[in-house]
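Each chain gets a letter, A, B and so on, in the order the sequences are listed, and its residues count up from 1. Predicted, not measured: the structure shown is a model, and the values here were computed from it.
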Number of protein chains: 2
Amino acid sequence: MSKSKLISPFKPAAHKHQECLQSAIVAAKTHCDAAGIRLTPIRQRVLELVWQNHEPVKAYDILDKLKQAKSSSAPPTVYRALDFLQDEGLVHKIESLNAYVGCGNPKELHKGQFFICHDCGFVAELDDDEIRDLLQKKAKRFGFEINDEMVEIKGYCQECRGSKK
Amino acid sequence: MSKSKLISPFKPAAHKHQECLQSAIVAAKTHCDAAGIRLTPIRQRVLELVWQNHEPVKAYDILDKLKQAKSSSAPPTVYRALDFLQDEGLVHKIESLNAYVGCGNPKELHKGQFFICHDCGFVAELDDDEIRDLLQKKAKRFGFEINDEMVEIKGYCQECRGSKK
DNA sequence: AAATGTTATGTTATAATATAACGTTTATGC
DNA sequence: GCATAAACGTTATATTATAACATAACATTT
Ligand SMILES: [Zn+2]
Ligand SMILES: [Zn+2]
Ligand SMILES: [Zn+2]
Ligand SMILES: [Zn+2]
């Protein structure tokens, strides 16, 4: 069965983001418990910082925040946590921005397709087999076997388009 | 009319690459002449270095080669030339590798879709409206207006798959 | 509990990628 | 020629990411 989920939609500016954050943390704990791996305090803290909003977050911005609690924090602290979170599908890296966003559906490991607004910075995540199938079809024509895919689309979200009028 | 071009296919290991290079330089000169802009010696040299093969080339590798001719070359030399070449559609950046490849069809300004082999490093470039249209369709569903797109696919090319058997 | 293996973190240093800022040279149009 | 803009030179610095090795925390076996 082919799926097409708008996992993380663009959010109204004033939505209850605390709920997004809470459910992301709960989902992460659930995932790690089930997988028998540890969501350590550092990892959880980094995940919270990635989820501080719906914009991609930079590693060194995370580091700055970590330093507020523990001034000896260093780049490896952040990058290790981000690597862990990415491996577990809790966070995605936006390659074209060198920045990180929380995954809205860590239950199934996947690479999403991302739509990023130039104005407000929000990211929407899609998990869409139709896109994957099409890429697969194209690849097949020249015998290419896909094992990783990055789709990052920039533009303007509905809200920002409206306010430009 | 919808286009789907495999602009830069995966090449047999021993193809006549000199011809790829030559035609890229000629195409670049033609383009710049027509546009009334200058393909200066530095820019041409950087373009040649990007086209040294079909693998993405790193900015600092280009810099090292430039230094062989002129030891005072510095990062801005390379990045300015790369910026120019990208603006003119002669070169594409592969965001997920922080590396650059020559465009196989600079006649029409576009963002390609890239297929990159993990083993041999070769890049194939596609310029495909079917992919664009699908992304457009997906974006439309939540009111997103696309103005930039990045599609980078990693995997194994036909040759490398064959040799693994 | 002691010993051991494994995972996670601390710490220092450095690598790799990219841009800012400002001065100088070179091309181009008048 | 001369004014202007474009390109380039140069130095410094910002940003992003990893290497390398030491220590600590946790789990397993004895
Ligand atoms: Zn939210
Ligand atoms: Zn996701
Ligand atoms: Zn070639
Ligand atoms: Zn191209």
Side-chain angles (χ1 to χ4, degrees), chain A residues 28-29 31-33 35-50 55-88 90-101 121 150 152, chain B residues 28-29 31-47 49-50 55-88 90-101 121 150 152:
Chain A
K29 283 179 173 162
H31 166 81
C32 290
D33 279 359
I37 53 180
R38 293 193 294 150
L39 189 67
T40 63
I42 290 177
R43 290 164 175 175
Q44 180 173 333
R45 181 68 183 129
V46 169
L47 182 59
E48 287 164 2
L49 290 169
V50 168
E55 301 172 33
V57 179
K58 303 239 135 197
Y60 276 72
D61 289 344
I62 294 170
L63 180 55
D64 288 343
K65 298 242 168 84
L66 287 186
K67 279 180 167 166
Q68 292 172 8
K70 188 160 188 303
S71 65
S72 68
S73 304
T77 313
V78 173
Y79 283 103
R80 283 166 182 156
L82 287 173
D83 284 349
F84 170 86
L85 295 169
Q86 285 174 87
D87 287 348
E88 297 306 323
L90 300 168
V91 156
H92 297 292
K93 180 176 184 183
I94 307 295
E95 298 286 351
S96 61
L97 297 174
N98 296 316
Y100 305 81
V101 287
M150 271 137 298
E152 300 175 8
Chain B
K29 282 178 174 163
H31 167 82
C32 290
D33 279 0
I37 51 180
R38 293 192 294 147
L39 189 65
T40 64
I42 289 177
R43 289 166 176 173
Q44 181 173 333
R45 181 70 184 127
V46 169
L47 182 59
L49 291 169
V50 168
E55 301 172 34
V57 180
K58 302 241 137 194
Y60 275 72
D61 289 345
I62 293 170
L63 180 55
D64 288 344
K65 298 241 167 87
L66 287 185
K67 278 180 170 165
Q68 291 172 8
K70 187 159 189 304
S71 66
S72 69
S73 304
T77 313
V78 173
Y79 284 103
R80 282 168 184 156
L82 287 173
D83 285 348
F84 170 86
L85 295 168
Q86 285 174 87
D87 286 348
E88 297 306 323
L90 300 167
V91 157
H92 297 291
K93 179 176 187 183
I94 307 295
E95 298 285 353
S96 61
L97 297 174
N98 295 316
Y100 305 81
V101 288
M150 191 214 82
E152 299 176 8

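Applying the 4.0 Å criterion to OP1 and OP2 of C/dT17, one finds that B/Lys58 has a side-chain N or O inside that range. Close to C/dT17, at under 4.0 Å from its OP1 or OP2, lies no side-chain N or O of A/Asn98.
Here the P atom of nucleotide C/dT6 and the CD1 atom of A/Ile37 are 18 Å apart, to the nearest Å.
Pairing each heavy atom of A/Tyr100 with each of A/Val50, the nearest pair is O-CG1, 3.9 Å. Across B/Pro56 and B/Ala99, no two heavy atoms sit closer than the pair CB-CB, 3.4 Å.
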### Task
For the pair B/Asp83 and B/Arg80, evaluate side-chain contact (heavy atoms from CB on, under 4.5 Å) and give the outcome as yes or no after the intermediate values.
CA-CA 5 Å; B/Asp83 285 348; B/Arg80 282 168 184 156; 5.7 Å; no
### Task
Determine, step by step, whether B/Ile37 and B/Phe84 satisfy the side-chain contact (heavy atoms from CB on, under 4.5 Å) criterion, reporting the C-alpha distance in whole Å, the side-chain angles of both residues, the deciding distance to 0.1 Å, and the verdict.
CA-CA 10 Å; B/Ile37 51 180; B/Phe84 170 86; 4.0 Å; yes
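Rounding to the nearest 0.5 angstrom, the gap separating the CG atom in B/Leu90 from the NZ atom in B/Lys29 is 12.5 Å. A distance of 12.0 Å separates OG1 of A/Thr77 from CZ of A/Arg43, quoted to the nearest 0.5 Å. If you take NZ on B/Lys93 and CE on B/Met150, they are separated by 11.0 Å, rounding to the nearest 0.5 Å. With values rounded to the nearest 0.5 angstrom, A/Asn98 atom CG is found 8.0 Å from B/Glu95 atom CD. The line from NZ of B/Lys70 to CD1 of B/Ile42 is 7.0 Å long, rounded to the nearest 0.5 Å.
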Let me check something: any side-chain donor-acceptor pairs from residues 57-69 of chain A under 3.5 Å, sequence neighbours excluded? List them with distances.
{"from": "A/Lys58", "atom 1": "NZ", "to": "A/Leu97", "atom 2": "O", "distance (Å)": "2.7"}
{"from": "A/Lys65", "atom 1": "NZ", "to": "A/Gln52", "atom 2": "OE1", "distance (Å)": "2.8"}

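Taken residue by residue, residues 60-69 of chain B places no heavy atom nearer than 4.0 Å to DNA chain D. Near DNA chain C, defined here as any heavy-atom distance below 4.0 Å, the residues from residues 41-48 of chain A are A/Ile42, A/Arg43, listed numerically.
Panel note: side chain A/Glu152, backbone A/Ser96; a donor-acceptor pair is recorded below 3.5 Å.
Summary of the strand contacts: B/Lys70 and A/Ala99 both lie near DNA chain D, and taking for each the nucleotide with the nearest heavy atom, the more 5' one is attributed to B/Lys70. Comparing A/Ser72 and B/Asp83 by the nucleotide of DNA chain C that holds the closest heavy atom to each, the one mapping nearer the 5' end is A/Ser72.
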Name the pairs: protein N/O against N/O of nucleotides 20-26 of chain C, kept only if under 3.5 Å.
{"from": "C/dA21", "atom 1": "N6", "to": "B/Arg80", "atom 2": "NH2", "distance (Å)": "3.3"}

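Of the listed nucleotides (C/dA18, C/dG10, C/dT9), C/dT9 has the atom at the smallest distance from the side chain of A/Thr40.
Taking a heavy-atom distance under 4.0 Å as the criterion, the stretch of DNA chain D touched by chain A extends 5' to 3' from D/dT16 to D/dC26.
An angle of 30°, rounded to 10°, separates the two end axes of the helix from C/dA1-D/dT30 to C/dC30-D/dG1, each defined over five pairs.
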